[in-house]
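Every chain is numbered from 1 and lettered A, B, ... according to where its sequence line falls, protein lines coming before strand lines.
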Protein chains: 2
Amino acid sequence: MKVTKEKAAANRAALVRAAARLFRERGIDGVGVAEICKSAGLTHGALYAQFASKEALAAEALAYGLDRSFVGLTAVKGDRGTTLTAFLDAYLAPQHRDDLAGGCPMAASASEIARQDEAISAQFSDGFERIVEAIQRMLGTTATTASAAAARQHALAIAAAMIGGIAAARAVRKARPDLSDEIVMAVRQVLGEVGGEAAIPRADAAASTHG
Amino acid sequence: MKVTKEKAAANRAALVRAAARLFRERGIDGVGVAEICKSAGLTHGALYAQFASKEALAAEALAYGLDRSFVGLTAVKGDRGTTLTAFLDAYLAPQHRDDLAGGCPMAASASEIARQDEAISAQFSDGFERIVEAIQRMLGTTATTASAAAARQHALAIAAAMIGGIAAARAVRKARPDLSDEIVMAVRQVLGEVGGEAAIPRADAAASTHG
DNA sequence: TGTACATCAGTGAACGCGCGTTCACTGATGTAC
DNA sequence: TGTACATCAGTGAACGCGCGTTCACTGATGTAC
């Protein structure tokens with residue numbers, strides 16, 4: 001049965017949204033197309049009217065997830081609205097660690113994306129580059145780093161540590177919840193130092209940054 | 001056909017070794033038991049004489065991979081034999097990034113381990129804890145960090161950044177090999193700074209550390 | 001040391017199952033007149 | 001505005017396939033005597 005253009009576009013968007021959540025939560029290999037379609041309120045055959053393959057859907061779902069999580073937020077608010085302190089507080093938080101389905105797709109899927117095709121690598125690269133540039137801009141305002149090259153270097157390392165910190169905190173969580181909390185807090189603290197936060201800044205920084 | 005105890009033990013070890021390599025290379029969901037057994041020179045049914053399930057094999061393969069890669073190396077040589085400089089040079093290297101099957105299982109599988117059961121989380125936790133303690137010992141000898149608590153905090157952040165750095169470098173590699181190299185070098189450099197390496201130490205550090 | 005036999009690691013066919021994808025069909029949409 | 005009909009998003013059965021696991025069987029091992 002044919003459907004209005006609007007309804008078809010909404011169905012396509014529902015597929016991408018469902019895929020973005022399910023792929024983060026259980027991995028690309030861990031979710032079947034039938035479940036994605038069901039979650040979007042469609043039957044499994046419908047997917048192929050909108051996407052060439054599960055892989056094509058995965059690439060689009062990754063792009064969607066990047067735009068809707070921390071990466072997209074920095075693009076909207078990054079230049080002046082977000083400080084490094086507020087950004088690190090939001091990313092390196094237990095709430096983010098516990099929100100696999102809605103959190104940063106880079107943290108959720110970093111190691112499995114290494115095994116996917118170039119289209120998916122390109123989406124990841126784009127998201128990573130955007131977050132690095134946003135961090136570099138944040139460093140600019142508070143920086144201890146003198147040159148732009150040094151700021152970029154620090155931004156790259158901070159982005160890698162954020163992703164690794166959340167991924168590691170999730171990996172140890174079932175067996176060692178104490179260690180998981182410790183990782184989140186330690187990475188938060190040390191990256192603040194790397195980014196030029198004062199050694200004991202939390203009360204001041206929170207007051208001057210939030211609200 | 002029955003087989004000598006020695007041969008049975010060797011077959012079991014071959015299964016673990018093959019699984020450790022294949023799981024890192026293609027993910028736990030990405031490899032079937034038939035391929036693991038074939039790679040170990042056995043038929044697929046043989047696995048269940050040695051392991052309760054694929055999952056049990058995965059836990060043992062993870063433990064094996066941790067012992068045989070960087071984590072195990074620090075246990076053998078860590079206390080005095082390895083400096084932070086040498087350790088970071090080895091871990092944050094293009095050779096490690098390109099050796100998915102033989103490299104650190106935490107970098108290879110961090111994000112998918114968050115989705116596995118507690119036994120696998122426990123193995124990851126154990127490996128992570130060991131590498132953090134090794135880094136903390138390395139920091140002890142060169143430290144800018146005064147207290148033990150600060151040293152542990154830094155060690156946790158360094159470990160997370162190492163894992164995230166290699167995972168991100170692999171994820172962007174197909175689409176952006178230039179960015180991949182840049183990530184590896186930037187994380188290497190910044191973690192050296194965090195660990196107390198001098199600002200422009202490479203020549204000196206290399207001379208005093210290696211050989 | 002030689003013989004009889006229980007053990008059990010490994011074989012390979014078979015199990016049910018869910019996978020990604022295809023395809024003939026449906027029927028409301030939306031265009032042409 | 002009203003009618004005829006081509007379009008095509010979505011349906012659901014079916015495709016071949018590989019998955020993890022089971023199981024009856026094999027036959028060399030290694031133990032008991």
**Q** Whether A:Arg170 and A:Asp98 form a salt bridge (side-chain N of Lys/Arg under 4.0 Å from carboxylate O of Asp/Glu) is what I want to check.
**A** no
**Q** Between residues 22-44 of chain B and DNA chain C, which residues have a heavy-atom gap below 4.0 Å?
**A** B:Leu42, B:Thr43, B:His44
**Q** Does one side chain, of A:Ser109 or B:Ser111, offer a donor that lies under 3.5 Å from an acceptor on the other?
**A** no
**Q** B:Ala46 near the nucleic acid: base, sugar-phosphate alone, or nothing, with a heavy-atom cut-off under 4.0 Å?
**A**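 Since a base atom lies under 4.0 Å of B:Ala46, the category is base.
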**Q** With a 4.0 Å cut-off on N to O distance, would you call A:Arg12 and A:Glu60 a salt bridge?
**A** yes
**Q** With sequence neighbours left out, what residues match A:Asp29 under salt bridge (charged side-chain N to carboxylate O under 4.0 Å, His left out)?
**A**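 By the salt bridge (charged side-chain N to carboxylate O under 4.0 Å, His left out) rule, A:Asp29 matches no residue at all.
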**Q** Whole-Å distance between D:dA9 P and A:Arg12 CZ?
**A** 11 Å
**Q** Can you run down the ring pair (Phe, Tyr, Trp, His ring centres under 6.0 Å) pairs that involve residues 162-192 of chain B, sequence neighbours left out, and say none if there aren't any?
**A**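 Qualifying pairs, neighbours excluded: none.
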**Q** Thinking salt bridges, do B:Arg176 and A:Asp126 make one under a 4.0 Å N-O criterion?
**A**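 No salt bridge links B:Arg176 with A:Asp126.
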**Q** Check A:Arg97 with A:Glu182, please: is the shortest side-chain N to carboxylate O separation under 4.0 Å?
**A**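 So A:Glu182 does not pair with A:Arg97 through a salt bridge.
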**Q** Counting only heavy atoms and a strict 4.0 angstrom limit, can you tell me which residues of residues 48-60 of chain B come near DNA chain D?
**A**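 Output list: B:Tyr48, B:Ser53, B:Lys54.
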**Q** Please answer whether the main-chain N or O of B:Ile28 pairs with a side-chain N or O of B:Lys54 as donor and acceptor at a distance below 3.5 Å.
**A**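 Pair found, side chain donor or acceptor close to backbone of B:Ile28.
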**Q** Collect all protein-nucleotide pairs involving nucleotides 30-33 of chain D in which both atoms are nitrogen or oxygen and the distance is under 3.5 Å.
**A**
{"residue": "D:dG30", "atom": "OP1", "partner": "B:Lys5", "partner atom": "N", "Å": "3.1"}

**Q** Starting at CZ of B:Phe128, measure out to SG of B:Cys104 and round the result to the nearest 0.5 Å.
**A**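 It comes to 10.0 Å.
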**Q** Salt bridge or not between A:Asp117 and B:Lys174? Use side-chain N to carboxylate O under 4.0 Å.
**A** no
**Q** Does this structure show an ion pair linking A:Arg26 with B:Glu112, if we count only N-O contacts that are shorter than 4.0 Å?
**A**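 Here A:Arg26 does not pair with B:Glu112 in a salt bridge, since their nearest N and O are not under 4.0 Å apart.
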**Q** Are A:Arg173 and B:Glu118 ion-paired here, with the side-chain N under 4.0 Å from a carboxylate O?
**A** no
**Q** Expected output check: what is the dot-bracket annotation of DNA chain D, where ( ) and [ ] are pairs inside the strand (brackets for crossing ones), | is paired with another strand, and pairs are Watson-Crick or G-U under 3.5 Å?
**A** .||||||||||||||||||||||||||||||||
**Q** Do the ring planes of A:Phe70 and A:His96 sit parallel (below 30°), tilted (30 to 60°) or perpendicular (above 60°)?
**A**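 A:Phe70 and A:His96: tilted rings.
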